[in-house]
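This is a predicted model, so every value here is computed, not measured. Residue numbers run from 1 in the order of the sequence given.
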Amino acid sequence: MSDLKIIDNIENVPIEIIEQGKEAIKVWFSENEKIPVNEAKVLFVGEGASGKTSLIKQLQNLPFDKNEPETKGININDFEVDSNHSKITLHLWDFGGQEYLHSTHQFFLSRRSLYVLVLDGRVDEKKYYWLRMIESFGGTSPVIVIMNKIDQKPAFRLNETELRQKFPNIFAFYRISCATREGIDKFIEGLSQVANQIEMVHTPWIKKWFNIREKLIQVTTNFISYTQFLEICNNETVKDEQAQITLVEYLDNLGILLHFSEFDLQDTHILNPHWVTNAVYRIISYDKIELQNGEMPLKWLRDILSKRNDNDFDYPDDKQRFIIHLMKKFELCFAIDSENVLIPDLLSVNEPEIKFDFVRSLKFIYHYEDFLSKSIIPRLMVKMKNDIEKKWRTGMLLRNNEYKTLVLIKSDEEKNDLKIYIEGEQKRDYYAILRNYLNEISESYKNDWNELVPCNCKTCQNNENPTLFVYTELKSRLRFRTTIDCKNEPYYPVEIKELIDDLLNHRPKDWNEQLLNDILWCAKDIQAKHLSLNNDENRYNDLFVSLLEAKSYIVKQEARQGTSETGKDVGRLDLKISHNNQELALFEALKLTSFGKTGQEYAMNHALKLLINYNPNGTKHCFVVLYVEMKNFDDVWQNYKFEKNIEQLALLCKIPKRQMLDLTEEYIKNCINIRLGLTEHFFEGQMIKLYHVFMNMNF
């Protein structure tokens, strides 16, 4: 096919095929039969008892049951609509609204779908929570908002203009009653209209893709491996890797299978959604975890997920770890260390009695505009785990002897506030560490937030309810005014710079940047002494530890195990490096004596293990130090950072830029025997920086 003809027909090609380039487009056009999918997934979400099941029954002309039982897990039904003289099959997913199931909904929320948010006018309905969740996982998918039970609440209305401004994907609002069928016909008309706008409906598929889809539907197991999926594709002569990846994404969007691209999840395609929701339910229902205040040793999984009867789901050992990785991805649990996880929903609900000097303490508030995510507290718990004295579902008490501080952190879900009280000798310094973590966590959500700063005037200094100023507004006002009036009588003027300086002057040093420079300093020192160290890898490692400790870092030796590339030495050194209770980086050092195929695999496999196996807490900075004992050091470095040699890292830990950035000129001056590279990886929802320190030990 000519390039001109391709351009003329490009609008009929799926965007995923276009993104793969001209050759993929030509392969696409070489297939003769292409048929629009004419199907889409419709996800009904909302609080328990809001009427999702009753609404779906009305679509199917089934009788209304005022005592409709709550959906347990997920129900899936099909509904056909007419749109532009064609039939479109909608797969209706009805999610149980019980709160413990909300988190598992995220597993199945997909793009190229339609969302129906069912509200019933209750005070604590959390419409922003649901709309933000749809926005996060559904992308540009259209949304229909239902105002249900208008027979009971005729005055139930929403500020539609405001919601459309915040969430432009909202297609329509409908006021209905499942009890009287008022508004149901209008909703069905709207459903037909919006169905025609769902991206998936008009996506053309080749006949082979439909064949693969039918074969997957016929599979009776709860899941299949990626290898099994490839076998089905190959049997239908769909052998192009990019075509297989595109098809997996489409099947996920339709709800035929559940697929995740992350390294720890990519080998399992879930065919039965109940298999995974049942596993999560059994874990969060396990009494012993609640008695442990939400902490679970992973060795308990075998008992929790054991098969108890012939009708029970089967969870092999490798799939038990898969379930935990899935729960981590969606923040249903958090790694405490490599063998234990924290399950926030099983923390104690009751706040313990705590004696605290609220009057003399520093007070700060993080205010979130639409909703306060439940995962903020547990994510902060993992960051501050060494200082936790008491913890419960909505807060924690921290004690740090080095800073001589006591910190109380509490969430207020009604006001969408996270409240922080700090007392002690170095309370502002300790808040700087907390603030660093909280800003990092808060910035990861699609939810506007403000940091509120307490007034420091005479009235507010010993007041439980000081005036609170928005930090960003203070910075803006400082361009034109030097003071701002307190809102408490007698309205003292307060120096804005003093308020801001309370935060700015106590920002923590950028210890990640400092650590990078200190590791390079250590590398230079070790390199200068390499002959006196007899070119001994273990002596290099010992000196690295000593030099870092001399710089006031806390260096925990995780392992010195395995064998080196040659098989003669003890081999790899794994370190966890911290400073002032702040975990900074993971560190691995190894010797490199060749860089053929074996040497390349050896180096890259250790980098992968550092990113994946040894990083349960998602530490965002990692270092791999290579003692290079080869001639032509510069040639080896150029080969090491070449794109093909980081292909494994790119495939298994996504790299936004498929290249290694050479930072040598930026960080290392006048040193011809050290090189510094950086690859950035997206793994388990986090960006991780991996620094590659290349040391010439052969001069």
Side-chain angles (χ1 to χ4, degrees), residues 295 297-299 328 334-342 379-389 398-403 430 433-434 436-437 440 508-523 525-526 536-564 569-591 606-627 681 683-684 686 688-693 695:
E295 295 187 12
L298 294 178
K299 63 184 179 183
K328 286 181 186 177
F334 299 85
I336 298 172
D337 52 41
S338 60
E339 294 301 324
N340 297 276
V341 295
L342 173 69
R379 285 178 68 179
L380 190 60
M381 283 178 181
V382 172
K383 298 283 189 185
M384 308 304 296
K385 62 185 178 184
N386 294 332
D387 288 358
I388 293 177
E389 189 166 283
L398 307 175
R399 185 184 297 277
N400 185 283
N401 294 326
E402 183 178 348
Y403 286 89
Y430 192 73
I433 295 173
L434 267 179
N436 196 39
Y437 284 137
E440 176 188 311
K509 188 176 186 177
D510 187 346
W511 280 103
N512 289 307
E513 184 76 9
Q514 183 64 45
L515 176 60
L516 172 57
N517 285 305
D518 286 339
I519 284 178
L520 293 173
W521 173 83
C522 293
D525 192 72
I526 291 169
D536 186 326
E537 182 178 353
N538 291 322
R539 294 182 71 181
Y540 298 158
N541 293 338
D542 289 337
L543 187 53
F544 242 121
V545 173
S546 299
L547 291 172
L548 287 170
E549 288 177 340
K551 288 275 189 178
S552 299
Y553 293 100
I554 298 170
V555 183
K556 183 179 179 184
Q557 192 163 312
E558 296 289 286
R560 182 177 287 175
Q561 57 189 18
T563 58
S564 65
D569 300 314
V570 177
R572 186 183 76 253
L573 172 72
D574 295 330
L575 303 176
K576 184 188 292 181
I577 305 172
S578 308
H579 189 276
N580 285 343
N581 195 44
Q582 182 181 357
E583 188 173 302
L584 297 177
L586 297 181
F587 174 105
E588 178 160 315
L590 55 133
K591 184 186 285 189
H606 279 299
L608 277 172
K609 288 175 184 175
L610 185 62
L611 287 166
I612 298 168
N613 297 15
Y614 306 142
N615 197 7
N617 294 334
T619 301
K620 292 192 173 182
H621 293 77
C622 297
F623 291 85
V624 57
V625 175
L626 298 103
Y627 308 124
H681 307 266
F683 184 65
E684 289 200 351
Q686 293 197 81
I688 299 173
K689 291 187 175 184
L690 175 60
Y691 292 98
H692 306 253
V693 182
M695 298 171 58

Taking the side chain as every heavy atom from C-beta outward, state whether M384 and N400 have any pair of such atoms under 4.5 Å apart.
-> no

Answer yes or no: is there a side-chain heavy-atom contact under 4.5 Å between L398 and I388?
-> yes

Smallest separation among heavy atoms of [X] and [Y], with atom names:
| X | Y | result |
| --- | --- | --- |
| E583 | Y437 | N-OH, 3.8 Å |
| V382 | A335 | CG1-O, 3.5 Å |
| F544 | I519 | CE2-O, 3.9 Å |

Before giving the answer on side-chain contact (heavy atoms from CB on, under 4.5 Å), spell out for K328 and V341 the whole-Å C-alpha distance, their side-chain angles and the decisive distance to 0.1 Å.
-> CA-CA 9 Å; K328 286 181 186 177; V341 295; 4.2 Å; yes

Quick one: CZ on R379 to CD on E440, what's the gap to the nearest 0.5 Å?
-> 7.5 Å

Considering residues at least two apart in sequence or located in another chain, which fulfil the salt bridge (Lys or Arg N to Asp or Glu O under 4.0 Å) criterion with [X]?
| X | answer |
| --- | --- |
| D518 | K551 |
| E549 | none |
| E295 | K391 |

Side chains of Y403 and D387: is there a donor and an acceptor less than 3.5 Å apart?
-> no

Return yes if some donor-acceptor pair links the side-chain N/O of [X] with the main-chain N/O of [Y] below 3.5 Å, else return no.
| X | Y | value |
| --- | --- | --- |
| K385 | I336 | yes |
| N517 | E513 | yes |
| E389 | R399 | no |

